[in-house]
2 protein chains.
Amino acid sequence: MPHRHATASDVARLAGVSQSAVSRAFTPGASIARETRARVEDAARELGYRPNAIARSLTTRRSRIIGVAAAYLQNHFYPEVMEALSRGLHARGYHLLLFTPDAGRDADPQLQEVLSWRVDGLILASTTVSSALASECRAAGIPVLLFNRTSLGTDVSSVTGENLRGGRLIAEFLVAGGHRRLAFLAGIEASSTSRDRERGFAGWLVEHDLPPPLREVGLYDFDAACAAARRLLARPDRPDAIFCGNDHMAIAVAEVARHEFGLRIPRDLSLVGFDDTAPARWPSFSLTSFAQPLQPMVDAAVALICEMIENPAAPTRHEVVHGELVVRGSARIPPEGCVSLGDRLVWRPPRDEA
Amino acid sequence: MPHRHATASDVARLAGVSQSAVSRAFTPGASIARETRARVEDAARELGYRPNAIARSLTTRRSRIIGVAAAYLQNHFYPEVMEALSRGLHARGYHLLLFTPDAGRDADPQLQEVLSWRVDGLILASTTVSSALASECRAAGIPVLLFNRTSLGTDVSSVTGENLRGGRLIAEFLVAGGHRRLAFLAGIEASSTSRDRERGFAGWLVEHDLPPPLREVGLYDFDAACAAARRLLARPDRPDAIFCGNDHMAIAVAEVARHEFGLRIPRDLSLVGFDDTAPARWPSFSLTSFAQPLQPMVDAAVALICEMIENPAAPTRHEVVHGELVVRGSARIPPEGCVSLGDRLVWRPPRDEA
DNA sequence: TCCTGGCTTGAATGCGCATGCAAGATTCAC
DNA sequence: GTGAATCTTGCATGCGCATTCAAGCCAGGA
């Protein structure tokens, strides 16, 4: 019953041309007479013909598919990334093969399958690859791009936000706000984002002869972050400001602080997040957060992966996309340094005119 | 520089067998001697061979790819659906080609491209197809499944939650809680979910000789829902209970009610949502919401699309997955009818023992 | 008129794999 | 020990398309 799909040969027969002509009619820039193309297009329309992307990929050896990994879609940040990525890649003629690795470890197992599709490139959001697989990809000429992660031992290109600077800035911001009992809520410890944010945060404090922050691990998970918040807030030397590794965890901490400990934010506790996701803007949270600008990051990723596809021999690159500390109501606001930027309030260290 | 991928012939040469043997070694159930398979596997390992999925698809005429559309990823519900779908399809050996149609209209334009990949099936979440394309798909033998939507004029299979019953139940719940000035916040008016929820809600009221609810449109969009909430709450005959077409909008309404109108929930205003997404469980919202059980819905969708692939001639089906009204703190709780179910409190109409 | 060069076109080929077919190898029953 | 049944195997072919190559066509210059 299911009608077979029309093939180029079917169209050729109807149009009275060769199969090659049909192929040329659907290949931009191919050598074909205007009139012939029109005849082919008519016939194609009549038969409902669309070139078979699979067959095309087989001969051209380019699939025009990008494998995209996204674990951790619970974090509002990533769905938005997916959507933007999808649009960006589409605009360049690529399709998007989605897979969801298990959170917290590298994407190897699922990656293997995706590689059998001879994807033109690989974008890994919130995951990493093993070095072994990364070099296998390099040998096979398949560009790999880490999004919002970098890889330690392995030389893989990446697009990230300013994790290090963000961490430093937040330390300075909280200290400028008068806080001295600081804490950091780490995400997944193996993740470069969590490490860099912490390194920036703790590093700035050390450099300024301030005690290192308290520390708990929230695994970038809501429930784990709640548990970490309970431990942190139950301490006799309860911190008066917490920098949370991302907004998702910051919201968890806010909930626990308010509803379980009866704390007022920011009077009793300042909270700063990272990512500036949609819920951060909801008045209930009004979260001060370091913004990773989504669209620029995605644009950079799309541009970079396309360059890598065109020139697989190019050296790896690490793009860092500039962000801002967006000031809202969840953390005490220092007396100076706030600047309005567009419709947002951002914070710049007062000594710094930049 | 990029090493070419090893092919079945390369492996065959190394293993001293024919290319057919290699193919059989990678085809479960094929007729091949245990020892031959071992030899092939060794050679394959040595060369880093993986069967080329594109070539395989070309010959088998099955791509083992499912096209998945997801607009509206802002709503927490859909990222979770994507993740579950990805896992479910993966478990059955399918891959997932993602595309993101423009919200609020049918997925036709992008669908055309996806069809050129000869996908084995199509799952559309929060979108629909035009009847024209739907019948084209049927003619081509490509199963189409709507997820969380149904299609009016067109005969396309679907998996939905109990939109109609949910709407009725919520009406009954709010009336049992003593409310009389009810309002409904619609999503996208063309969407079947919004229509069905409203039909259930308003229908129950009419049947019980109660006045129809006030009505505003929030387009399933946060900002639009905020604006709708402002209009609703500024009325002289302000409603004392609002049923919001989904949680995403309910949160918008909660924010406006609290932070712009100074209302207390549920003392001044009861709020009920739909979907029971993660934020509904956050204490700040503690949203009473009709749960569309994610995993059962996704399981049903995966099972259904697989059946449709195996039997393309089967008649269309409309699966409705049973849900519950989860009672939390955002709406006044009727004196009776609450039942605890697992770790949740759900509401059953008191007269009804089911 | 003849030749040159630019456009178009079709035939032929191959991308990498699965599979029908027939031949060869092996096993089993008798 | 023999014939039949069962397993394995390689050969050949085709999936639908892009692309190379050579041939055909036409316009323009000599």
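Every chain is numbered from 1 and lettered A, B, ... according to where its sequence line falls, protein lines coming before strand lines.
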Which residues satisfy the side-chain hydrogen bond (donor to acceptor under 3.5 Å, both in side chains) test with A/Q19, sequence neighbours excluded? none
Would you check if the side chain of A/S116 reaches a backbone N or O of A/E113 as a donor-acceptor pair within less than 3.5 Å? yes
Would a distance-only check, ignoring hydrogens and angles, find a side-chain to backbone donor-acceptor pair under 3.5 Å from B/R64 to B/R92? yes
Taking A/R39 first and then A/D42, would you say they form a salt bridge - that is, a charged N and a carboxylate O separated by under 4.0 Å? no
Using the C1' atoms of the five pairs at each end, what is the angle between the end axes of the helix from C/dT1-D/dA30 to C/dC30-D/dG1, to 10°? 40°
How close do A/V156 and A/H318 get, heavy atom to heavy atom, and via which atoms? O-CE1, 3.0 Å
ring-ring contact (aromatic ring centres under 6.0 Å, His included) contacts touching residues 119-142 of chain B (sequence neighbours left out): none
Could you pull out all residues at least two apart from B/S86 that satisfy side-chain hydrogen bond (donor to acceptor under 3.5 Å, both in side chains)? A/T100
Identify each atom pair where a protein N or O and an N or O of nucleotides 26-28 of chain D are less than 3.5 Å apart, giving names and distance.
none

Hey, can you tell me if B/Y78 and B/Y72 have their rings parallel, tilted or perpendicular (30° and 60° cut-offs)? tilted
Would a distance-only check, ignoring hydrogens and angles, find a side-chain to backbone donor-acceptor pair under 3.5 Å from B/T316 to B/S157? no
Annotated protein contacts, base or backbone, on nucleotides 8-19 of chain C with a non-hydrogen cut-off under 4.0 Å, one of B, S, - each: BBBBB-BBBBBB
How many Å lie between CD on B/E35 and C1' on C/dA25, as a whole number? 13 Å
Measure from the ring center of B/F26 to the ring center of B/Y49 and say whether it is less than 6.0 Å. yes
